[in-house]
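A quick note: this is a predicted structure, and the numbers were derived from the prediction, not measured.
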Amino acid sequence: MEKLKVLTVVFRTPGDIRFGEMVFIDGQPHLVWDWEGDQPLTMTPLDPQYLTTTAGHVPPRADAAYSREVEDPRKLQ
């Protein structure tokens, strides 16, 4: 797999606001929960219609914001 560009995203989980890492795979954004080396291991696909660039509005930590709540898939395993 090619080296992925990693962006920082702010998102909501039930009861919390968090910062995480996001990658695009075949044009689809994915929130990355775990990595194995430089490859994503556990991911959640994100709906692009709820993703916005922050353009410096959430400095200095986020490149993007996701407006829908996201469940941590590791808690469901």
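Counting only heavy atoms from C-beta outward, the side chains of M43 and I25 approach each other to under 4.5 Å. Within the 4.5 Å cutoff, no side-chain heavy atoms of D72 are placed close to those of T13. At least one side-chain heavy atom of L4 sits under 4.5 Å from a side-chain heavy atom of P40. Residues T8 and M22 are not in side-chain contact: their nearest non-hydrogen atoms beyond the backbone lie 4.5 Å or more apart. A 4.5 Å side-chain heavy-atom check between W33 and L41 finds every atom pair outside the cut-off. The side-chain heavy atoms of E69 and P14, taken from C-beta on, include a pair separated by under 4.5 Å. A 4.5 Å side-chain heavy-atom check between W35 and V6 finds at least one atom pair inside the cut-off. Side-chain contact check for K5 versus L7: some heavy-atom pair is nearer than 4.5 Å.
The backbone N or O of L46 sits less than 3.5 Å from a side-chain atom of Q28, completing a donor-acceptor pair. Remark: side-chain polar atoms of R12 are not paired, donor with acceptor, to backbone N or O of R18 under 3.5 angstrom. With hydrogens and angles ignored, the 3.5 Å screen pairs no side-chain donor or acceptor of Y66 with any backbone N or O of P48.
Scanning all heavy atoms of the two residues, the minimum distance from R74 to D34 falls at CD-OD2, 2.8 Å. Looking at every heavy atom in both residues, G20 comes nearest to F11 through N-CE2, 3.6 Å.
The structure places OG1 of T54 at 6.0 Å from CG of D63, a figure rounded to the nearest 0.5 Å.
Under the 4.5 Å side-chain contact rule for hydrophobic residues, L31 and L51 share a cluster.
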- Message: Before you tell me yes or no, could you show the steps for E21 and V9 under side-chain contact (heavy atoms from CB on, under 4.5 Å), namely the whole-Å CA-CA distance, both residues' side-chain angles and the distance that decides it to 0.1 Å?
- Response: CA-CA 6 Å; E21 295 175 321; V9 62; over 6 Å; no

